[in-house]
Number of protein chains: 2
Amino acid sequence: MRLASIEGLGGLTIGRLAREVDISKSGVFAHFRSKERLQQETVEAARRVFEREVLEPGLAAPEGVARVASLCEAYLSYIERGVFPGGCFFAHLLGEFDARTGPIHDEVAALQRGWVGLLEELITTAQERGELDPEVDSGQLAFELYAPLELANFLTTLYRDPATLERGREAVRASLAGAMAPEGGSSRAGPASADS
Amino acid sequence: MRLASIEGLGGLTIGRLAREVDISKSGVFAHFRSKERLQQETVEAARRVFEREVLEPGLAAPEGVARVASLCEAYLSYIERGVFPGGCFFAHLLGEFDARTGPIHDEVAALQRGWVGLLEELITTAQERGELDPEVDSGQLAFELYAPLELANFLTTLYRDPATLERGREAVRASLAGAMAPEGGSSRAGPASADS
DNA sequence: CCTACCGATCGGTAGG
DNA sequence: CCTACCGATCGGTAGG
């Protein structure tokens with residue numbers, strides 16, 4: 001996972017992993033039985049790390065807009081803590097496999113749909129609770145929250161400068177502020193407005 | 001460029017390129033003299049394409065907020081037109097080299113700083129013209145405009161569905177709307193507010 | 001631009 | 001887990 005988060009899943013070869021853990025190539029091979037399975041099991045292991053380091057703490061907040069904000073912050077914190085040395089494992093995977101075809105591309109697409117779907121679901125709940133404006137398009141707001149998380153990951157990793165994470169934090173704050181339910185006032189223009 | 005936009009610059013090998021253009025490996029080698037130079041010249045060629053397909057049309061709009069919006073739209077249009085078969089060449093490069101070290105990482109960092117710097121510069125001009133709120137942090141707004149462009153590129157490529165580009169368009173519209181100069185009214189909460 | 005080759009590394013297999 | 005090997009491919013060189 002560490003190697004793949006830096007160099008990509010394609011850089012994770014059986015021979016290289018063998019050198020890294022100091023056993024023979026066929027010793028590594030015996031554990032995974034093919035390069036494809038090594039890659040698949042690495043993705044699966046990273047998924048469990050993401051669950052433990054992002055989803056669990058993020059979803060621990062009380063239901064509603066607090067949980068939406070908490071999940072975004074959990075992602076930014078996971079970047080900040082350097083859980084993987086190359087930044088977000090799945091952002092890397094997205095860049096590597098978005099334009100290819102095959103089982104890994106399809107798995108990446110499924111994971112992305114799951115992540116965006118989760119954000120959307122939390123937003124809908126916050127709308128039902130009257131915290132977020134029901135006029136806001138939940139899919140659009142999910143996109144607008146996800147976008148700064150992704151860019152903060154890439155620029156923080158590229159620049160080796162966690163200051164960029166504050167850009168992400170501020171963007172999330174602003175998008176949520178713009179989507180808050182009007183308190184008796186009239187609806188105003190802002191992010192994720194449904195009247196486009 | 002086409003190959004690298006799909007499989008990454010690492011997938012662009014001398015042997016593979018030789019097969020693709022149907023000459024011998026050493027025939028390709030003679031043109032570039034090393035793999036590093038092949039990669040560097042490919043990045044440079046893609047930079048010229050980006051200039052022609054994004055910067056030139058984007059910067060053709062009149063100075064001010066129109067030019068900011070026009071540059072964002074030029075980027076989204078470049079994705080939509082499929083200028084590279086694997087989506088934005090430089091987004092791919094960002095994902096591939098953000099966590100590595102070496103000359104290509106450094107070149108990618110310089111290109112990213114240039115792009116973000118250009119956005120920031122156009123925003124500052126729009127503020128000086130009184131079109132965008134001078135209270136807005138121009139670096140923050142540049143980040144908030146860039147983020148949806150990047151995510152729209154990745155998700156459009158991943159899903160093979162240009163509908164995601166509309167999410168990007170709406171996000172750009174919303175961020176710019178939230179940063180417009182108040183017309184005699186008081187400042188209100190919104191994206192990229194400086195009072196964080 | 002070519003053929004012919006180099007040492008290294010790839011995924012994978014045979015046989016233990 | 002190992003050694004020893006397979007055919008393919010890598011970047012690169014020699015010599016034309």
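Here is how names work: the chains are called A, B, and so on, in the same order as the sequence lines, proteins then strands, and each is numbered from 1.
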For residues 3-11 of chain A, run the donor-acceptor check on the side chains, cut-off 3.5 Å, and write out each pair with its distance to 0.1 Å, sequence neighbours left out.
unit_1: A:S5; atom_1: OG; unit_2: A:R2; atom_2: O; d: 3.1
unit_1: A:S5; atom_1: OG; unit_2: A:G86; atom_2: N; d: 3.0
unit_1: A:E7; atom_1: OE1; unit_2: A:R16; atom_2: NH1; d: 3.4
unit_1: A:E7; atom_1: OE2; unit_2: A:R16; atom_2: NH2; d: 3.1

Mind checking what makes salt bridge (Lys or Arg N to Asp or Glu O under 4.0 Å) contact with A:E128, not counting sequence neighbours?
-> none
Qualifying residues under salt bridge (Lys or Arg N to Asp or Glu O under 4.0 Å), relative to B:E166, sequence neighbours excluded = B:R169
Can you give each donor-acceptor pair under 3.5 Å made by side-chain atoms of residues 27-37 of chain B, sequence neighbours left out, with the distance rounded to 0.1 Å?
unit_1: B:S34; atom_1: OG; unit_2: B:E36; atom_2: N; d: 3.4
unit_1: B:S34; atom_1: OG; unit_2: B:R37; atom_2: N; d: 3.1

Side-chain donor-acceptor contacts of residues 151-159 of chain A below 3.5 Å, not counting sequence neighbours, with atom names and distances?
unit_1: A:N153; atom_1: OD1; unit_2: A:C88; atom_2: N; d: 2.8
unit_1: A:T156; atom_1: OG1; unit_2: A:A152; atom_2: O; d: 2.6
unit_1: A:T157; atom_1: OG1; unit_2: A:N153; atom_2: O; d: 2.8

Could you tell me which residues satisfy side chain to side chain contact (heavy atoms under 4.5 Å, CB included) with A:R52, sequence neighbours excluded, listed by chain and number?
-> A:V49
If a protein heavy atom is under 4.0 Å from the base, mark B; if only from the sugar-phosphate, S; if neither, -; do that for nucleotides 2-16 of chain C going 5' to 3'.
-> BB------BBBB---
Taking pairs as Watson-Crick (N1-N3 plus N6-O4 or O6-N4) or G-U wobble (N1-O2 and O6-N3), each distance under 3.5 Å, the stems of three or more consecutive pairs with DNA chain D are C:1-16 with D:1-16
Per-pair distances, 0.1 Å, donor-acceptor, side chain in residues 61-71 of chain B, under 3.5 Å, sequence neighbours excluded:
unit_1: B:E63; atom_1: OE1; unit_2: B:R129; atom_2: NH1; d: 3.4
unit_1: B:R67; atom_1: NE; unit_2: B:L59; atom_2: O; d: 3.4
unit_1: B:R67; atom_1: NE; unit_2: B:A61; atom_2: O; d: 2.9
unit_1: B:R67; atom_1: NH2; unit_2: B:A61; atom_2: O; d: 3.2
unit_1: B:S70; atom_1: OG; unit_2: B:G58; atom_2: O; d: 2.6

For residues 99-108 of chain A, which residues have at least one heavy atom under 4.0 Å from DNA chain D?
-> none
Who passes ring-ring contact (aromatic ring centres under 6.0 Å, His included) against A:F90, sequence neighbours left out?
-> A:F50
In chain order, what residues pass the ring-ring contact (aromatic ring centres under 6.0 Å, His included) check against B:F89, with sequence neighbours excluded?
-> B:F84
Before accepting this row, confirm whether a basic side-chain N of the pair A:D137/B:R167 lies closer than 4.0 Å to the acidic partner's carboxylate O.
-> yes
